[in-house]
Amino acid sequence: MRVRRKARAVKRRDNQLLPEQPEEEDRAVAARIVALRTSRGLSQSALARTLGVTFQQVQKYENGTNRITADRLAKLATLRDPGFGILR
């Protein structure tokens, strides 16, 4: 017999309780990802292939739902230019 769990108001990530809404920094990074993708004329699927993730994961990055890892952020920066201006 399976027991159904109630949905929680917070998520557990790295043993920390985090709010459901993205934090300001997550929203800022998300906006820059969208800006970079659209300036390059890429679809979410094309960007996903470049990063080695699914387009759903790119959607989550762009919504600020999931945080992007440093290695994927570095790949994004190389799309813009080797100067890493997107990270500033």
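Quick caveat, the model's predicted, so the values are computed rather than measured.
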D26 side chain reached by V29 side chain, heavy atoms, under 4.5 Å: no

List the atom pairs, with distances to 0.1 Å, where a side-chain N or O of residues 45-52 and a protein N or O form a donor-acceptor pair under 3.5 Å, not counting sequence neighbours.
from, atom 1, to, atom 2, distance (Å)
T50, OG1, A46, O, 3.1

same_hphob_cluster(L79, V34) at 4.5 Å side-chain heavy-atom cutoff: no

Salt bridge (charged side-chain N to carboxylate O under 4.0 Å, His left out): pairs with one or both residues in residues 54-66, sequence neighbours excluded: R37-E62

Salt-bridge criterion met for E23 and R67 (N-O under 4.0 Å): yes

Inter-residue atom distance T65.OG1 - Q56.CD, 0.5 Å rounding: 13.0 Å

Y61 side chain near V53 side chain, heavy-atom distance below 4.5 Å: yes

Closest contact, heavy atoms only, A30 versus G64: CB-N, 3.8 Å

Residue list, side chain to side chain donor-acceptor pair (under 3.5 Å) with T69, at least two apart or on another chain: D71

Side-chain heavy atoms of L36 within contact of R40, under 4.5 Å: yes

